[in-house]
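One structure is given below, encoded as C-alpha cells.
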There are 2 protein chains.
Amino acid sequence: MSRRARVSPNQILAAAALEFAQRGFAGARVDRIARRARVNKAMLYYHFRSKQGLYRTLLRRTFTLAAERIRTVAASAGSPADKVDRIIAELADLIHEHAFFPAIMLREVAEGGAHLDRETLLTLVAVPREVGGVVQEGIKQGLFRNVNPLFAHITMLAPIVFYLASGPIRKELGALHLTNLPLSPDDFIHHMQEVMRRALAREARPRPTS
Amino acid sequence: MSRRARVSPNQILAAAALEFAQRGFAGARVDRIARRARVNKAMLYYHFRSKQGLYRTLLRRTFTLAAERIRTVAASAGSPADKVDRIIAELADLIHEHAFFPAIMLREVAEGGAHLDRETLLTLVAVPREVGGVVQEGIKQGLFRNVNPLFAHITMLAPIVFYLASGPIRKELGALHLTNLPLSPDDFIHHMQEVMRRALAREARPRPTS
DNA sequence: GTCTATACTTCGATAGAC
DNA sequence: GTCTATCGAAGTATAGAC
C-alpha cells in the first residue's frame with residue numbers, strides 16, 4: 001500500500017541550503033546536494049532548471065520568510081523601542097531555526113548580489129524597509145534620536161549575522177587554544193538589545209548644565 | 001638598456017585580492033588572476049605553489065597588516081574611548097586603501113575558516129585581541145560598562161565590514177530604483193563612532209531617582 | 001625566470017529508457 | 001516522475017622549450 005513518498009522539492013531545497021551556506025554558489029556541488037537530499041541528480045534538474053535556478057529559489061524563500069517575520073513584529077502593537085527589541089530576538093530565532101541564514105547572507109553581500117535577479121532583490125530589500133520603518137516611527141514620536149534608518153538597520157543586523165555565522169571559526173580557534181571559550185548566542189542577543197537601546201535613545205548622556 | 005621589469009609576486013597578489021574578493025576561493029579563476037596581473041599562468045604557479053598557496057599568502061598578509069595597524073592605535077596614548085574612536089577610523093582607512101578587505105573577511109567567516117591553516121588563524125586572532133585589550137582597559141578604569149570585549153569588538157567591526165562590502169549591492173538596488181541614494185562611507189563611520197561611545201559608556205541613561 | 005601547449009580532472013547538464 | 005550513463009565545457013596544474 002505505502003508507496004515511496006514523492007520526492008518533494010523541499011528536501012532538495014533543504015539540502016541546497018546546507019551546501020550553498022557551507023561552500024557558496026561556486027563551491028557548491030550539484031552532486032552533493034542531490035546525494036544529501038537522497039534524490040537523483042536528474043530529478044534536481046527536473047524540478048529546478050539549473051544550479052542557478054535552485055539557488056535563486058532558495059534565496060527568494062529565505063528572504064521572503066525573513067521579511068514576513070519582521071513585518072509581523074513591525075506591524076504589531078508596542079513602542080518602537082519595544083519593537084526593535086523584538087526584531088532582534090526575531091532575527092535570532094530565524095537564525096536558530098535556519099542555521100544556514102547567516103552564511104548565505106554574508107556571501108551574498110560579499111558577492112555584490114551577482115546571482116540575484118530583480119525579483120529576488122525585491123524580496124531582499126523588504127527587510128531593511130521594515131526595520132527602517134520602525135526606526136522612523138521612533139524618530140517621529142521623539143523617542144529616538146535622528147539616526148539614519150538604514151544605518152540603524154545595518155548596525156543591528158550585521159553583528160548578529162556575523163556573530164552567529166562565526167560560530168565554526170570561533171570553535172576552531174578554541175580547539176587550537178587561541179582564544180577563550182565561546183559565549184552563548186543568547187548572551188550576544190541580549191548584548192545587542194542593550195546596544196541598540198543605547199544607540200537609538202534620544203539622549204544618551206545628559207549634557208552638563210554648564 | 002631598459003629590460004622588462006621582473007615580475008613581482010606583489011602584482012600577482014594584488015590581482016588575486018581582487019579576484020578572490022569578487023568571487024571567493026572556489027569562484028576565483030587562476031587564469032583571470034594571471035591575466036589581470038599580466039603574468040603567465042605558469043609564472044603564478046612558479047611563485048606560489050597552488051591556488052590555495054596564493055590564497056593563504058594573501059590572507060596572511062591582509063590580516064597581519066590589519067593587526068599591526070590596530071595594534072599601533074591600541075598602544076598609543078589616549079583614553080580608551082579615544083582609542084575606540086581611532087580604531088574605527090583606522091578600520092575605515094584600511095578598507096579605503098584595500099577595497100578587497102571586507103569581502104574577503106565576510107567570505108572567510110561564512111566559510112568557517114575552511115581554507116586557513118594554523119599560522120593564518122594566528123594572525124587573524126590578533127585583531128580581536130587588540131580591540132578587546134582596549135575595551136578591558138576602559139572597564140578597568142571605570143570608564144566603560146562591564147561589556148564582553150569580544151562582543152564589543154564584533155559590534156564595531158561587523159557593521160563597518162558589512163556596510164562597506166555592501167556598496168555594490170546597494171548600488172544595484174539604487175539602479176533598479178528599489179532604494180534611496182547611498183550615503184557616504186564617512187557618514188557611516190561617524191555613525192559607528194557615536195554608536196560605540198553610547199554602547200560602552202558607563203551609564204547611558206541616568207536612572208530616575210524613583 | 002618566462003612562455004606555449006597540453007594532460008588530467010571535475011562538474012554542470014542532458015539523452016533516453018522505464 | 002525517476003533513473004543510468006555520459007557528453008562537453010571549464011578549470012587546475014605541469015611538461016618542456018627557451
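Computed from heavy atoms alone, side chains included, the values below leave out hydrogens, waters and symmetry copies. Lettering follows sequence order; numbering is per chain, from 1.
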Sequence neighbours left out, cut at 3.5 Å: what donor-acceptor pairs do the side chains of residues 112-119 of chain B make with other protein atoms?
residue	atom	partner	partner atom	Å
His115(B)	NE2	Glu111(B)	OE2	2.9
Asp117(B)	OD1	Thr120(B)	N	3.2
Asp117(B)	OD1	Thr120(B)	OG1	2.4
Asp117(B)	OD2	Arg60(B)	NH1	3.2

task: For a side-chain contact (heavy atoms from CB on, under 4.5 Å) with Val134(A), tell me which candidate from Leu200(A), Val73(A), Val84(A) qualifies.
output: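 Single pass found, and it is Val84(A).
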- request: Show your working on salt bridge (Lys or Arg N to Asp or Glu O under 4.0 Å) between Glu97(B) and Arg69(B) and close with a plain yes or no.
  value: CA-CA 12 Å; Glu97(B) 293 163 31; Arg69(B) 299 266 295 255; 3.0 Å; yes
- prompt: So, Glu194(B) and Arg198(A), do they make that salt bridge, N to O below 4.0 Å?
  reply: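 A salt bridge is absent here (no side-chain N lies under 4.0 Å from a carboxylate O).
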Counting C-beta onward and ignoring hydrogens, is there a side-chain heavy-atom pair between [X] and [Y] closer than 4.5 Å?
X        : Y         : result
Phe25(B) : Gln52(B)  : yes
Thr57(A) : Leu54(A)  : no
Ser8(B)  : Gln11(B)  : yes
Asp85(B) : Arg197(B) : yes

- request: Name all residues meeting the ring-ring contact (aromatic ring centres under 6.0 Å, His included) criterion together with Phe63(A); count only those two or more places apart in sequence or in a different chain, and write none if there are none.
  value: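 Not a single residue meets the ring-ring contact (aromatic ring centres under 6.0 Å, His included) criterion with Phe63(A).
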Short heteroatom pairs, N/O only, protein and nucleotides 9-11 of chain C, under 3.5 Å:
residue	atom	partner	partner atom	Å
dC11(C)	OP1	Arg29(A)	NE	2.5
dC11(C)	O5'	Arg29(A)	NE	3.3

- prompt: Listed by chain and number, what are the side-chain contact (heavy atoms from CB on, under 4.5 Å) partners of Tyr45(A), not counting sequence neighbours?
  reply: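 Here the qualifying residues are Val30(A), Lys41(A).
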query: side-chain contact (heavy atoms from CB on, under 4.5 Å) with Glu130(A): which residues, sequence neighbours excluded?
result: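 side-chain contact (heavy atoms from CB on, under 4.5 Å) list for Glu130(A), sorted by chain: Ile70(A), Arg71(A), Ala74(A).
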query: Could you give the CG-to-P distance, from Asn40(A) to dT14(C), as a whole number of Å?
result: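 Answer to the nearest Å: 14 Å.
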field: Integer-rounded Å distance: dG12(C) P and Tyr55(A) OH
entry: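 Nearest whole value for this atom pair: 14 Å.
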query: What are the residues of residues 12-25 of chain A, sorted by number, that bring a heavy atom to within less than 4.0 Å of DNA chain C?
result: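 Residues of residues 12-25 of chain A under 4.0 Å from DNA chain C: none.
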- prompt: For DNA chain C, which residues in residues 43-50 of chain A have a heavy atom at a distance below 4.0 Å?
  reply: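 Within residues 43-50 of chain A, the residues near DNA chain C are Tyr45(A), Ser50(A).
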Plane angle bin for His98(B) and Phe101(B) - parallel if under 30°, tilted between 30 and 60°, otherwise perpendicular: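 Parallel.
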Distance-only criterion, 3.5 Å: show the donor-acceptor pairs between side-chain atoms of residues 144-155 of chain B and protein atoms not counting sequence neighbours.
residue	atom	partner	partner atom	Å
Arg145(B)	NE	Ala199(B)	O	2.6
Arg145(B)	NH2	Ala199(B)	O	3.3
Asn148(B)	OD1	Leu150(B)	N	2.8
Asn148(B)	OD1	Phe151(B)	N	3.0
Thr155(B)	OG1	His191(A)	NE2	2.7
Thr155(B)	OG1	Phe151(B)	O	2.6

task: State which residues pass side chain to side chain donor-acceptor pair (under 3.5 Å) with Arg86(A); sequence neighbours excluded, sorted by chain then number.
output: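 Side chain to side chain donor-acceptor pair (under 3.5 Å) check on Arg86(A) returns Ser76(A), Asp82(A).
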Global bending angle along the helix from dG1(C)-dC18(D) to dC18(C)-dG1(D), which compares the axes of five pairs at either end, to 10 degrees: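 The two end axes of the helix from dG1(C)-dC18(D) to dC18(C)-dG1(D) meet at 10°.
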- request: Could you list the residues that satisfy salt bridge (Lys or Arg N to Asp or Glu O under 4.0 Å) with Arg29(A), not counting sequence neighbours?
  value: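 Testing Arg29(A) for salt bridge (Lys or Arg N to Asp or Glu O under 4.0 Å), a comparison that skips the adjacent residues, returns none.
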I'd like a table of atom pairs between the protein and nucleotides 6-8 of chain C - only N or O on both sides, under 3.5 Å - with the distance next to each one.
none

